[in-house]
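So the structure is just underneath, and the comments pick up after that.
Computed from heavy atoms alone, side chains included, the values below leave out hydrogens, waters and symmetry copies. Quick note on labels: first sequence line is chain A, next is B, and so on, each numbered from 1.
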Amino acid sequence: MKKQLPIDQVLPELLAALSCSNNAVLLAEPGAGKTTRVPLALLQAPWLRGQRIVMLEPRRLAARAAAQYMARELGEAVGERVGYRVRMDTKVGPRTVIEVVTEGVLTRMLQEDQALDGVGVILFDEFHERHLHGDLGLALALQSQQLLREDLRLIVMSATLEAEPIAALLQQAPVIRCEGRLFPVKTNYVDGDKKTPLSTRMGRCIQDALNNHEGDVLAFLPGVREIRQTSRWLASAGLPANVQIRELYGSMPLQQQAETVAGCMDSRRKVVLATSIAESSITVDGVTVVIDSGLMRVSRFSPKSGMSGLETVPVSKASADQRRGRAGRLMPGTCYRLWREEEHRYLADQNAPEMLSADLSSLALELSIWGIAIPAELDWVTPPPMAAYEQASDLLQRLGAMKPSGQPTAEGRLIARLGVHPRLGAMLLSAKSIDELRIACELAALLSERDILPQERNVDIELRLDKLRRDGNRDPALQRIAAAAGQLERIVVGAWQNNKWQNSRRSAGVLLAAAYPDRIAQRRSDGRLLLAVGRGAVMPAEQLLSASSYVVACELDDAGAEGRVLLAAALSQEEIDTELAAYIHDSEELYWDEQASAVRASRKRMLGAIVLSEHPLNQPDRDQISDVLLHVVQQRGWDLLPMKGKAQSLLERMQLMARGGRTEWSRMTGEALLASADEWLKPHLYGLKSRADLQRLRMADLLSGLLTWEQRKMLDEQAPTHLIVPSGSRIPIDYSNPDQPVVAVRLQEMFGMTETPRLADGIIPLTIHLLSPAQRPVQVTSDLKSFWSEAYFEVKKDLKGRYPKHYWPDNPLTATATNRAKPRK
DNA sequence: CTCTCCCT
């Protein structure tokens with residue numbers, strides 16, 4: 001008799017829903033039993049009609065375990081009615097009806113047969129994890145259902161999820177909910193000073209938990225560094241003798257992980273310090289207390305640099321709840337959260353889907369093979385972000401996997417079948433001989449898995465190759481990598497059918513350059529690296545690689561201002577010159593030499609942003625020189641040009657006209673003219689290359705050439721060079737302040753002028769500096785009328801005393817202006 | 001002073 005599980009109660013509802021709808025969303029909390037009961041329940045569904053059931057699992061371990069459990073329920077071995085397909089391990093037979101597959105496998109199944117002939121239903125288990133290929137699989141399956149397979153059924157299963165957006169995407173699918181089977185867990189929020197190191201706060205909380213509760217403690221920390229720090233804090237703070245500290249994180253050998261998870265052999269209690277790996281991938285037995293730091297580390301892809309880096313971020317509410325649930329598997333438990341209850345509501349509901357932060361190159365390749373031009377042709381729960389998607393398309397084109405049209409090349413189709421990152425796929429296809437292919441396969445397999453020498457500070461990938469060749473058939477982890485390398489080799493050899501091989505033995509570094517041309521790096525004098533993409537990177541000093549002047553940085557942490565190299569291969573100068581010539585381009589670079597005040601030219605051999613060598617160039621291209629000159633002029637402004645006398649005045653008058661109301665003059669400000677200098681100045685820069693050459697330009701002619709005849713006339717009328725005053729003198733107008741043109745004129749020359757002259761369409765009044773007979777300023781005005789009626793009489797009194805021989809009339813409005821002491825009779 | 005998790 002089968003054990004009752006909570007899911008059993010909703011199975012009739014699910015079956016009923018699927019008899020009238022093609023899609024369904026099943027929300028079931030952990031422990032409800034959905035993974036094993038739902039596929040078995042569907043076996044009897046009338047609509048299945050002998051077709052297969054495919055269930056998607058996010059992990060290989062989970063896929064195998066689910067298949068094994070279901071087979072046992074049926075009293076069969078795996079591979080009879082229930083089987084699984086994961087990478088490099090397939091157990092399905094001719095009678096297999098339920099296939100449990102992992103995400104990449106589903107993508108391949110869909111790509112090989114878009115109609116999924118013979119499949120009646122796809123179940124997306126643990127969909128809330130929102131892996132990139134899970135989202136992709138759902139988007140592809142949905143389109144297949146819409147265009148080719150209206151009878152295909154899709155079921156999205158999830159622990160915690162906002163069901164509505166997915167239900168809407170699945171054509172308003174019914175949502176079925178099911179309770180879980182966990183014990184209650186009491187939640188305590190622990191307020192701590194955020195300035196206290198996390199390891200200290202965590203350590204104290206662990207001590208308290210050990211004192212106040214029975215059972216084992218599971219602590220969630222963001223990463224290995226915090227795990228080590230907390231472990232050290234606890235060791236020095238002292239723990240009861242019956243307590244054992246254990247660490248748990250993904251880069252640990254599997255054997256060690258298993259030991260951590262297992263119960264203690266003696267009666268000791270254990271404290272497990274874990275990353276988010278213990279949230280759903282690994283279950284730790286015996287836990288009654290969970291302590292959650294509230295942090296996790298996530299990878300974030302930068303479309304700008306094409307690299308990923310790690311970020312420490314707050315967990316989501318869903319993640320925090322999932323972590324808390326780990327304390328309620330055995331009996332009622334306790335959870336401590338190292339944040340304040342008020343802070344909790346600011347946490348995101350769900351973790352961000354991988355789509356938003358991942359490298360999308362393999363997604364873009366799959367879409368191209370699926371046959372769509374833009375992602376918007378599919379329905380997505382979360383559409384791919386454009387910046388990352390475009391970066392991915394660019395990369396695929398550079399790797400030769402995609403045509404500019406967006407269609408895949410033959411190589412691209414093969415790369416997708418290899419099941420490695422498109423960069424590594426392109427490297428495999430670049431191998432010219434069987435020897436090279438073997439190395440490339442080993443490299444691809446190594447780089448597709450976690451580092452096999454995580455403790456090793458030397459980042460040289462050759463050390464890993466050596467270890468793989470030495471211990472590849474002993475260590476289980478290495479066996480997997482060696483098997484993956486062998487599988488890759490078989491696919492490529494099969495595809496090329498022996499018609500491509502030459503004699504060639506290029507190094508690992510040269511092969512890796514085909515995968516990471518943008519990460520070829522040059523060592524600079526201070527020991528830092530300059531990557532071909534133009535970013536800097538650092539590599540620990542005592543590396544074997546430090547003898548090499550070039551490297552390929554295959555793995556980088558792009559977190560800080562400078563990337564940190566995690567894995568690299570050496571490249572020699574000779575290899576750069578002979579093997580990587582395809583990436584090198586000559587560039588004639590012209591630049592403004594400040595000291596010589598002239599344009600200089602040099603020829604550089606460049607590999608991306610890396611300068612391989614540089615020589616001065618004797619006869620640079622004149623057109624390019626004038627480009628540089630123009631650019632310098634535009635940057636520096638008018639100072640580089642001979643703006644004196646007439647030219648300067650002309651420019652100032654044109655600026656004044658721009659202050660007026662007419663739009664035709666708005667292009668005539670100094671700023672606007674610099675911006676449009678490529679139109680009017682550049683033709684005159686041809687053949688020039690220095691500041692001295694520029695000084696010979698006839699700027700007045702150039703500027704006045706910009707004006708039509710009418711405009712010149714208007715300029716002379718409305719921004720004249722001189723003002724003719726009542727005395728008959730021509731007084732120059734100073735336009736150096738374009739808001740306030742000024743004339744300076746002796747007061748007596750102005751008698752009779754009642755209205756202040758206005759310029760630029762009458763918008764700007766002229767400012768008049770009235771001078772004494774000795775040319776000393778006595779008054780500034782832009783309102784002559786009120787000057788004559790008021791201030792004049794004060795001024796007159798004063799000046800009459802000092803210049804008695806001069807003419808100081810009582811009525812300045814009718815008096816005769818003079819440029820002498822007194823007007824001629 | 002050290003890199004989260006996962007997959008074709």
Side-chain angles (χ1 to χ4, degrees), chain A residues 56-63 85-90 101-112 126 129-137 140 220-229 231-232 247-252 257 274-282 293 295-301 307-313 315 319 322 351-354 357-359 361-363 365-366 369 414-422 424-425 444-445 448-451 453-459 480 484 487-488 491 538 540-542 555-560 563-567:
Chain A
L56 182 65
E57 285 296 322
R59 275 168 290 281
R60 294 195 272 240
L61 199 72
R85 285 176 203 266
V86 300
R87 174 160 213 184
M88 296 198 302
D89 186 9
T90 295
V101 305
T102 36
E103 291 162 340
V105 174
L106 178 70
T107 308
R108 288 272 68 72
M109 289 170 76
L110 279 155
Q111 293 284 28
E112 268 156 44
E126 314 285 5
E129 295 195 13
R130 298 297 308 279
H131 293 174
L132 189 64
H133 274 261
D135 276 21
L136 172 64
L140 298 183
F220 284 98
L221 288 152
V224 177
R225 186 174 62 226
E226 292 83 355
I227 287 176
R228 292 281 154 78
Q229 285 164 349
S231 182
R232 249 180 279 134
E247 301 177 354
L248 181 61
Y249 46 85
S251 60
M252 229 162 71
Q257 285 182 7
T275 60
S276 52
I277 195 173
E279 202 175 300
S280 50
S281 310
I282 294 184
S293 67
L295 297 170
M296 60 180 177
R297 266 209 261 287
V298 293
S299 168
R300 179 163 297 279
F301 179 75
M307 298 174 216
S308 294
L310 289 178
E311 250 177 43
T312 306
V313 298
V315 293
S319 238
Q322 175 75 20
N351 287 345
E354 204 182 0
S357 59
D359 175 353
S361 13
S362 101
L363 180 102
L365 182 58
E366 297 295 353
I369 291 171
L414 179 51
I415 287 171
R417 273 177 46 212
L418 292 169
V420 291
H421 191 286
L424 299 173
S448 301
E449 295 284 332
R450 266 189 249 271
D451 189 4
L453 291 173
Q455 314 287 3
E456 174 60 60
R457 295 205 59 196
N458 190 329
V459 299
R480 266 210 345 216
Q487 190 194 35
L488 290 170
I491 300 175
V538 288
E542 73 279 22
E555 269 188 41
L556 282 152
D557 179 8
D558 195 33
R564 204 175 65 249
V565 177
L566 303 170
L567 275 179

N/O donor-acceptor pair under 3.5 Å between A:Arg130 side chain and A:Asn351 backbone
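No; zero donor-acceptor contacts below 3.5 Å.
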
Backbone of A:Glu366 reached by a side-chain donor or acceptor of A:Gln111 within 3.5 Å:
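Checking the backbone N and O of A:Glu366 against the side chain of A:Gln111, a donor-acceptor pair under 3.5 Å is found.
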
Can you tell me the distance, in whole Å, between the [atom1] atom of [X] and the [atom2] atom of [N]?
X: A:Glu103; N: B:dC6; atom1: CD; atom2: P; value: 11 Å
X: A:Gln487; N: B:dC7; atom1: CD; atom2: P; value: 15 Å
X: A:His421; N: B:dT8; atom1: NE2; atom2: P; value: 16 Å
X: A:Leu221; N: B:dC5; atom1: CG; atom2: P; value: 12 Å
X: A:Glu311; N: B:dC5; atom1: CD; atom2: P; value: 16 Å
X: A:Leu556; N: B:dT4; atom1: CG; atom2: C1'; value: 17 Å
X: A:Leu310; N: B:dC5; atom1: CG; atom2: P; value: 10 Å
X: A:Glu555; N: B:dT2; atom1: CD; atom2: P; value: 16 Å

Determine the contact category for [X]: base if any of its heavy atoms lies under 4.0 Å from a base atom, sugar-phosphate if only primed atoms, P, OP1 or OP2 are that close, otherwise nothing.
X: A:Thr312; result: nothing
X: A:Arg108; result: base
X: A:Arg417; result: nothing
X: A:Ser299; result: base

Just N and O in the side chain of A:Arg450: are any of them under 4.0 Å from OP1 or OP2 of B:dC6?
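For A:Arg450, the contact criterion (side-chain N or O under 4.0 Å from OP1 or OP2 of B:dC6) is met.
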
Counting just side-chain N and O atoms, does A:Arg225 come under 4.0 Å of either OP1 or OP2 of B:dT4?
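Looking at the OP1 and OP2 atoms of B:dT4, neither is under 4.0 Å from any side-chain N or O of A:Arg225.
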
Could you tell me whether A:Arg60 and A:Glu103 make a salt bridge, using a distance below 4.0 angstrom between a side-chain N and a carboxylate O?
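Looking at A:Arg60 and A:Glu103, the cut-off is not met.
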
Distance-only side-chain donor-acceptor flag, A:Ser293 / A:Glu226, under 3.5 Å
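A:Glu226 and A:Ser293 do not have a side-chain donor-acceptor pair below 3.5 Å.
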
Regarding A:Arg300 and A:Ser357, is there a side-chain donor-to-acceptor distance under 3.5 Å anywhere?
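No donor-acceptor contact under 3.5 Å links the two side chains.
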
Whichever of A:Glu366 and A:Ser251 has its nearest DNA chain B nucleotide further upstream toward 5'
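The residue whose closest nucleotide sits nearer the 5' end is A:Ser251.
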
With DNA chain B as reference, determine whether A:Arg232 or A:Thr275 sits nearer its 5' end, using the nearest nucleotide of each.
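The 5'-side residue here is A:Arg232.
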
